[in-house]
Amino acid sequence: MTEQTQVERPTTYDVHAVQDKWLKVWTELDPFRRIDDGSRERRYLLDMFPYPSGDLHMGHAEVFALADVIARYWFQQGYDVLHPVGWDSFGLNAENAAIKRNEHPAEWTYKNIEKQAESFRRYAISFDWSTRLHTSDPGYYKWTQWLFLRLFANGLAYRKASAVNWCPQDQTVLANEQVVGGKCERCGTEVTKRELTQWHFKVTDFVDRLLDDMEALKGNWPDRVLTMQRNWIGRSEGAHVDFRIVGVEEEAGSRQARPAAEDEERPERVDATPASGERPEKVTVFTTRPDTLFGATFFVVAADAPLAAQLCAAEQREQFDAYREQVARVTEIDRLTEGREKTGVFLGVFTVNPVNGERLPVYAAEYVLADYGTGAIMAVPGQDQRDWAFAKKFDLPIVRTVQPPDDFDGEAYTGEGPAINSANDQIDLNGMDVDAAKSAIIAYLEQAGTGRGTVNYRLRDWLVSRQRFWGPPIPIIHCENCGEVPVPEESLPVVLPDLRGADLQPKGTSPLGSATEWVNVECPKCGGPAQRDTDTMDTFVDSSWYFLRYPTPNDDTQAFDVEAVRRWCPVDQYVGGVEHAILHLLYSRFVTKALHDMGYLDFVEPFTALLNQGEVTNQGRGMSKSLDNGVDLGEQIAEYGVDAVRLTMVFAGPPEDDIDWADMSPGGSLRFLQRVWRLSGDMTSEPEVEFSGGDVTLRKMTHRTIAEATHLVEAHRFNVMIARVMELVNAARKAIDTGCGPADPAVREAAETVAIILSLVAPYTAEEMWERLGHPATVAKVGWPRTEESLLTADEVTCVVQVQGKVRGKLQVSPSISDNELQRRALAELSVQRAIGSSTVRKLIVKPPRVVNVVLE
RNA sequence: GCCGGGUUGGCGGAAUGGUAGACGCUGUGGCCUCAAAAGCCAUUGUCCGAAAGGGCGUGUGGGUUCGAGUCCCACACCCGGCACCA
């Protein structure tokens with residue numbers, strides 16, 4: 001800064017100089033390291049760790065600013081805080097960048113990590129930098145592989161063939177959770193199906209606990225996340241009902257053998273179905289409406305389910321094959337289109353309705369899903385709209401089993417009502433309401449052995465194989481003699497081979513397969529020739545356990561230290577975006593439960609409390625390159641400084657609400673910080689002065705602000721907390737200029753209070769203030785201010801006097817004023833007298849010291 | 001369709017059943033200045049009124065209450081999730 005500008009702007013707060021100055025000091029002080037010596041109560045605050053694509057952006061600026069308020073508040077409260085930092089550094093972006101630049105994905109990855117690390121330091125997040133980890137380090141993914149092997153050893157990781165989601169763009173399979181609206185969550189390409197043998201984690205083993213344990217999260221997790229998980233798990237109560245199978249002209253049991261040729265055409269299907277040539281004796285369906293069983297008039301199996309091929313009669317084979325091919329060509333997107341016309345083909349067989357012996361023609365159709373329930377349904381067109389549409393198209397009979405109301409003019413009736421047409425010589429549901437009829441029919445089916453009450457889930461097992469390079473190799477060796485052989489723990493990590501650039505070009509199978517030397521190994525069991533599994537794991541596996549690694553991030557003898565994890569975990573407060581509601585959060589919950597059952601953890605939920613910040617948008621839309629409405633964090637910081645950006649994020653509104661940057665005023669934030677900074681230079685009292693002799697009115701305001709700020713931070717109502725601090729700043733300003741003056745100790749007390757509270761949000765300004773107030777660094781750990789009880793009670797409060805519920809006057813009264821005194825003073829008010837006029841007072845509501853209401857005749 | 005959340009000035013948002021609009025942004029007027037920027041002061045829901053003062057106001061319609069943005073019932077709209085899920 002030149003002499004000239006010094007003269008022109010003598011009292012201007014130079015944010016960038018202040019930033020540079022304190023960043024150096026803090027780096028040396030390193031004030032936010034966990035102590036972990038048992039001297040203080042421990043708290044674990046976790047931000048969802050960033051993915052290193054480019055530099056930090058506005059979204060990061062929001063979430064880390066919000067979480068940092070909590071972390072810094074905990075530091076001020078004297079807790080031993082674990083606030084770790086790390087990077088979710090495996091993943092497709094790095095790989096695609098590497099192909100484009102003809103280099104190794106690690107180059108792009110670690111360069112970006114360094115960039116983000118530097119930005120984090122400047123952004124002054126209170127991280128414990130000694131925790132730093134990267135999931136792409138062999139020292140980390142060694143233990144991701146260990147986790148895989150533990151799951152494998154406990155029967156929770158297995159390989160199966162199925163029709164899986166395939167992204168043609170990324171050339172890899174995807175988990176169900178990564179398919180959003182039929183499109184790849186990452187690149188937006190329409191997902192297709194492929195028949196592949198892939199590794200899965202058995203999430204479904206935990207389905208009831210994933211659901212039930214959410215009870216304990218209620219109130220501490222956002223409702224919408226719990227709802228999303230509940231929806232995703234998709235629990236529905238109903239029944240399994242067994243149907244016998246009969247041919248066109250024959251009774252059950254006497255089946256024709258099918259031509260052998262059929263099975264040769266579909267060798268990949270044998271694993272999921274009974275041995276070829278055999279016919280199932282019965283087919284089971286899942287239904288949530290067993291009460292409508294008497295109304296079943298036909299039967300549908302998913303066209304792409306093995307069951308359909310198995311049931312199909314020889315004479316219908318040709319038609320069925322044609323239909324199945326047609327269905328396979330339909331993309332997920334088209335299939336999901338609402339009101340899509342029903343298609344299907346008769347399979348040449350019938351099932352027998354167990355309650356009335358009716359023969360139901362069996363169809364294959366695409367509207368029945370292969371991977372939900374049993375892949376087969378009993379069709380009740382009278383009570384199900386989809387079945388109705390199919391029945392109309394194929395001219396099938398429709399029977400109502402629930403009486404619709406008289407004014408019902410729809411097609412299928414899905415509402416409540418008394419059962420009709422639902423009786424045989426052993427059971428009579430007629431007249432029962434839906435719930436009663438369900439119970440009755442289930443009891444009947446169970447007793448008859450043709451069905452049972454059951455619960456069905458939408459949740460599928462987690463598909464973890466990926467045909468891409470930049471992830472942890474699956475630590476399995478395939479041996480012709482021994483099958484799937486786990487890599488011995490002492491041989492971990494299975495380090496990625498050195499591939500780069502064009503080697504990584506996606507081609508539908510894993511790039512690892514081309515690293516011949518890497519692939520071909522000895523079987524650890526028999527020593528014979530064997531091959532490594534060439535797939536890598538989904539990056540969500542890396543992040544499903546990282547919170548366990550942070551207490552001991554550099555331990556090369558174990559994934560995590562059981563004792564350290566016992567001390568720090570579960571995470572007390574997790575902060576991150578709602579986009580992970582059913583991906584990362586569900587997987588982490590699963591892994592936690594699995595590790596708990598293996599005896600490693602003494603808790604079953606990883607994250608005690610969860611805060612979802614909103615999204616930062618610009619002009620009402622998410623920032624994106626294609627919309628060209630991106631706001632650059634670096635530019636914002638260059639213009640307004642770190643503190644003003646942080647303050648704007650935190651003051652914008654409730655943390656969970658979206659922030660439209662176009663509606664925000666970082667300039668206003670900066671002005672406030674300048675006012676605050678100026679305030680700290682206006683004291684004329686000494687740093688050691690006793691506050692007790694200070695101006696009582698201002699002192700009361702200061703202490704009320706402390707009390708409120710405490711409560712507001714804990715309730716995560718940071719925007720209101722800042723409003724209270726602003727009020728205190730305004731009051732202190734007024735006190736200096738036109739009140740008790742700059743020498744009064746109360747003014748110093750107010751300024752110091754502002755500095756400490758503001759250290760949660762605007763650390764640079766707070767530190768600079770603290771120094772100007774005559775104190776050594778760092779304000780971040782001086783301790784949360786204490787309130788004095790005697791200063792929290794007001795001398796006077798405003799009492800509102802209403803007439804007929806309308807405010808007609810205000811009184812300044814003592815908080816301890818009596819009923820009689822308050823009533824007397826209220827009625828003596830001129831404005832109140834005028835409002836009453838000539839009317840008669842019927843009733844007086846007197847609630848000292850807040851309100852008096854005069855009720856007239 | 002099912003589940004969850006919401007609807008308050010020009011804008012972001014405040015309000016244990018008791019002063020609706022705190023705090024801030026924007027706008028307007030003024031001070032300072034040769035001028036501008038910065039800063040400071042006043043004002044800023046709406047209608048009537050010169051003013052004093054008064055009427056109306058928290059998506060809509062009912063209800064409970066001395067008193068409702070807040071509680072209850074019904075509805076509309078918006079956002080998010082799930083969805084040919086049987």
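Keep in mind it's a predicted model, so treat the numbers as computed, not measured.
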How far does [atom1] of [X] sit from [atom2] of [Y], to the nearest 0.5 angstrom?
X      : Y      : atom1 : atom2 : answer
A:Y587 : A:E177 : OH    : CD    : 3.0 Å
A:L728 : A:L698 : CG    : CG    : 6.5 Å
A:L226 : A:L211 : CG    : CG    : 10.5 Å

Measure the distance from [atom1] on [X] to [atom2] on [N] and round it to the nearest whole Å.
X      : N      : atom1 : atom2 : value
A:L844 : B:rG67 : CG    : C1'   : 14 Å
A:Y367 : B:rA83 : OH    : P     : 19 Å
A:L226 : B:rG4  : CG    : C1'   : 10 Å
A:K392 : B:rC84 : NZ    : P     : 24 Å
A:R733 : B:rG39 : CZ    : P     : 13 Å
A:L217 : B:rG4  : CG    : C1'   : 16 Å
A:Y13  : B:rG39 : OH    : C1'   : 17 Å
A:I836 : B:rC66 : CD1   : C1'   : 14 Å

Rounding to the closest angstrom, what is the interatomic distance between [N] and [M] at atom [atom1]?
N      : M      : atom1 : result
B:rG45 : B:rA22 : C1'   : 15 Å
B:rG57 : B:rG69 : P     : 10 Å
B:rU70 : B:rA14 : C1'   : 13 Å
B:rC75 : B:rG24 : C1'   : 35 Å
B:rG6  : B:rG13 : P     : 14 Å
B:rU7  : B:rG55 : C1'   : 26 Å
B:rU65 : B:rC56 : C1'   : 22 Å
B:rC72 : B:rC23 : P     : 30 Å

Both distances under 3.5 Å, Watson-Crick or G-U wobble: report the partner of [N], or none.
N      : value
B:rG80 : B:rC3
B:rA22 : none
B:rG61 : B:rC73
B:rA51 : none
B:rG45 : B:rC56
B:rC32 : none

For salt bridge (Lys or Arg N to Asp or Glu O under 4.0 Å), just list the numbers for A:R678 and A:D682, CA-CA rounded to whole Å, side-chain angles, deciding distance to a tenth of an Å, and then say yes or no.
CA-CA 7 Å; A:R678 237 179 280 124; A:D682 291 347; over 6 Å; no

Scan nucleotides 79-81 of chain B against the protein and return all N/O pairs shorter than 3.5 Å with their distances rounded to 0.1 Å.
from	atom 1	to	atom 2	distance (Å)
B:rG81	N2	A:N231	ND2	3.1
B:rG81	N3	A:N231	ND2	3.1

Could you tabulate the donor-acceptor pairs under 3.5 Å formed by side-chain atoms of residues 833-843 of chain A, not counting sequence neighbours?
from	atom 1	to	atom 2	distance (Å)
A:Q833	NE2	A:L827	O	2.4
A:S839	OG	A:I836	O	3.3

Going through the checks in order, is the side-chain hydrogen bond (donor to acceptor under 3.5 Å, both in side chains) test met by A:S236 and A:N456?
CA-CA 5 Å; A:S236 23; A:N456 192 58; 5.0 Å; no

With a 3.5 Å cut-off and no angle check, do the side chains of A:T401 and A:Q383 form a donor-acceptor pair?
yes

Ignoring hydrogens and angles, state whether a donor on the side chain of A:T798 or A:Q812 is under 3.5 Å from an acceptor on the partner side chain.
yes

For residues 652-676 of chain A, pull every pair meeting salt bridge (Lys or Arg N to Asp or Glu O under 4.0 Å), keeping only residues two or more places apart or in separate chains.
none

Residue pairs meeting salt bridge (Lys or Arg N to Asp or Glu O under 4.0 Å), one or both in residues 218-235 of chain A, sequence neighbours left out, come to A:E215-A:K218, A:R235-A:E237

In B:rG9, glycosidic geometry as syn within 90° of 0 or anti otherwise:
syn

Contact string for nucleotides 16-30 of chain B, one letter per nucleotide 5' to 3', B = base within protein heavy-atom range under 4.0 Å, S = sugar-phosphate only, - = neither, reads --BBS-BBSSS----

Measuring to OP1 and OP2 of B:rA86, would you say a side-chain N or O of A:S236 lies under 4.0 angstrom away?
yes

Taking only the side-chain nitrogens and oxygens of A:R808, find out if one of them lies under 4.0 Å from OP1 or OP2 of B:rG54.
yes

How would you label the contact of [X] with the nucleic acid (heavy atoms, under 4.0 Å): base, sugar-phosphate, or nothing?
X      : value
A:P654 : sugar-phosphate
A:Q804 : nothing
A:V368 : base

Pick the nucleotide of RNA chain B nearest each of A:D384 and A:D223; which residue has the one closer to the 5' end?
A:D223

Is the backbone N or O of A:E358 less than 3.5 Å from a side-chain atom of A:N353, with the two atoms forming a donor-acceptor pair by type?
no

Could I get a table of every N or O pair under 3.5 Å where one atom is in the protein and the other is in nucleotides 45-52 of chain B?
none

Does the pair A:T284 and A:T374 meet the rule for a side-chain hydrogen bond (donor to acceptor under 3.5 Å, both in side chains), with working shown?
CA-CA 7 Å; A:T284 302; A:T374 62; over 6 Å; no

Could you tell me how the ring of A:Y13 sits relative to the ring of A:W677: parallel (under 30°), tilted (30 to 60°) or perpendicular (over 60°)?
parallel

Is the charged tip of A:K342 near the ring of A:F390: under 6.0 Å from the six-membered ring centre and within 45° of its axis?
no

